[in-house]
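What you are looking at is a predicted structure, and each value in this text was computed from that prediction instead of being measured. Naming convention: chains lettered A, B, ... in sequence-line order (proteins, then strands); numbering from 1 in each chain. Heavy atoms only: backbone and side chains are in, while hydrogens, waters and symmetry mates are out.
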Protein chains: 2
Amino acid sequence: MATNTRATKQKLAITEVLEGQNKFKSAQEIHELLTKAKSKVGLATVYRSLQSMVQAGVVDVIVSSDGESRYRACSQDHHHHLLCRRCGQTREFVAPEIEKLAEVIAKKYNFTDTDHIIEISGICKDCK
Amino acid sequence: MATNTRATKQKLAITEVLEGQNKFKSAQEIHELLTKAKSKVGLATVYRSLQSMVQAGVVDVIVSSDGESRYRACSQDHHHHLLCRRCGQTREFVAPEIEKLAEVIAKKYNFTDTDHIIEISGICKDCK
DNA sequence: TTAATTGCAAATCCTTTGCAGATTC
DNA sequence: GAATCTGCAAAGGATTTGCAATTAA
């Protein structure tokens, strides 16, 4: 593939927006953020840029359960969510042990560049 | 929603097809299989049935990297998935340690009746 | 009977593409 | 100046939805 990549205003703007986020965002959301930031970038360009950034390894993607791809600048500390099925409240938590285990499991099956989704749900004490 | 579910020929046909598979299949593939098997079932019905089956917990779903959902009859044991972001191949794994950790974390925040979603993604060795 | 389910086609939603003009190197 | 980008609008592909007809209970 084209290992070539030119530094354009659009790509810089996208990179900037991505770095201001700590959660995965969809291409459409990124496009909205750009618009709000007065950077006019076409939606198609957002998609194309994100694509090349993923290939270049500077951006991470995940596909959510509704089939939408979500992007985030690589290597940031991430956390996970604990969700109450009744009231919808969420809490964030960090669990280094789980991170490590996930890594070990991936390695066991020869997977690299790993990422993971861990969501725990239950009934919180207020709803009990 | 509707916890009600009627036993229709269509659902039976879908169940039958699913049970004859050991790999995740997309709704469209399942629809094709049905057609080949001389079971005329509308595509919309396939989607709707799969949806309710997932809710009922008798079918597993995963979303592949191209945004397509794939379905498979649940296997007995509780397991998780390792997904290759590039080719979409999946492997199942069981990790009692993770189960335990998830439980511990939930308890720490006073959550009960817990459940969890754990998906690890990466690039498999064939795609590297 | 009657509420759930189906099939069809139209409608959505996210994403990709074709192409002419604007840009970067 | 030439190879890449961009923007726009049209095209694609998966999934959903409206609605009248059908069917299970």
message: Classify the ring geometry of B:Phe24 against B:His81: parallel below 30°, tilted from 30° to 60°, perpendicular beyond 60°.
response: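 Because their plane-to-plane angle is over 60°, the rings of B:Phe24 and B:His81 count as perpendicular.
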
If I take atom [atom1] in residue [X] and atom [atom2] in nucleotide [N], what distance separates them, rounded to the nearest angstrom?
X	N	atom1	atom2	answer
B:Arg70	D:dG13	CZ	C1'	13 Å
A:Gln10	C:dT24	CD	C1'	11 Å
A:Leu12	C:dT24	CG	C1'	12 Å
A:Glu68	D:dA14	CD	P	17 Å

For a quick test of reading the model: is some side-chain N or O of [X] closer than 4.0 Å to OP1 or OP2 of [N]?
X	N	answer
B:Lys40	C:dG7	no
B:Tyr47	D:dT16	no
B:Gln51	D:dT15	no

task: Find out whether A:Tyr47 and A:Gln28 are in side-chain contact, i.e. whether some heavy atom of one side chain is under 4.5 Å from a heavy atom of the other.
output: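 When only atoms from C-beta onward are counted, A:Gln28 and A:Tyr47 do touch, with a gap below 4.5 Å.
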
- prompt: A:Lys107 versus A:Thr114: any side-chain heavy-atom pair under 4.5 Å?
  reply: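 They are not in contact (no side-chain heavy atoms under 4.5 Å apart), so the answer is no.
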
- request: Enter the inter-axis angle for the ends of the helix from C:dT1-D:dA25 to C:dC25-D:dG1 (five pairs per end, rounded to 10°).
  value: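 Rounded value for the end-axis angle: 40°.
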
Once rounded to the nearest 0.5 Å, what's the spacing between atom [atom1] of [X] and atom [atom2] of [Y]?
X	Y	atom1	atom2	value
A:Glu97	A:Leu101	CD	CG	8.0 Å
B:Ile30	B:Gln21	CD1	CD	8.0 Å
A:Ser26	A:Glu68	OG	CD	4.0 Å

Heavy-atom closest pair, residues [X] and [Y]:
X	Y	result
A:Ala106	B:Leu82	CA-CD1, 4.3 Å
A:Ser52	A:Lys11	OG-CE, 4.3 Å
B:Ala27	B:Val46	O-CG1, 3.7 Å

message: Checking side-chain polar atoms at under 3.5 Å, does A:Glu103 have a donor or acceptor matched by the opposite partner on A:His116?
response: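 No pair is found: no donor N or O on one side chain lies under 3.5 Å from an acceptor on the other.
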
task: Would you indicate which nucleotide in D:dT15, D:dG7, C:dG7 comes nearest to any side-chain atom of B:Leu43?
output: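 Side chain of B:Leu43 sits closest to D:dT15.
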
message: If you count heavy atoms of other groups shown closer than 6.0 angstrom to CD of A:Glu16, is the number above 12?
response: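 Counting other residues, nucleotides and ligands, CD of A:Glu16 stays at 12 neighbours or fewer.
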
query: Within the structure shown, what part of the strands sits under 4.0 Å from A:Ser69 by heavy-atom distance: base, sugar-phosphate, or nothing?
result: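 The answer is sugar-phosphate, as A:Ser69 gets under 4.0 Å only of primed atoms, P, OP1 or OP2.
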
B/S/- contact track for nucleotides 18-25 of chain D, protein heavy atom under 4.0 Å: B-----BS

field: Close approaches to DNA chain D from residues 28-36 of chain B, in residue order (heavy atom, under 4.0 Å)
entry: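 B:Gln28, in order of number.
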
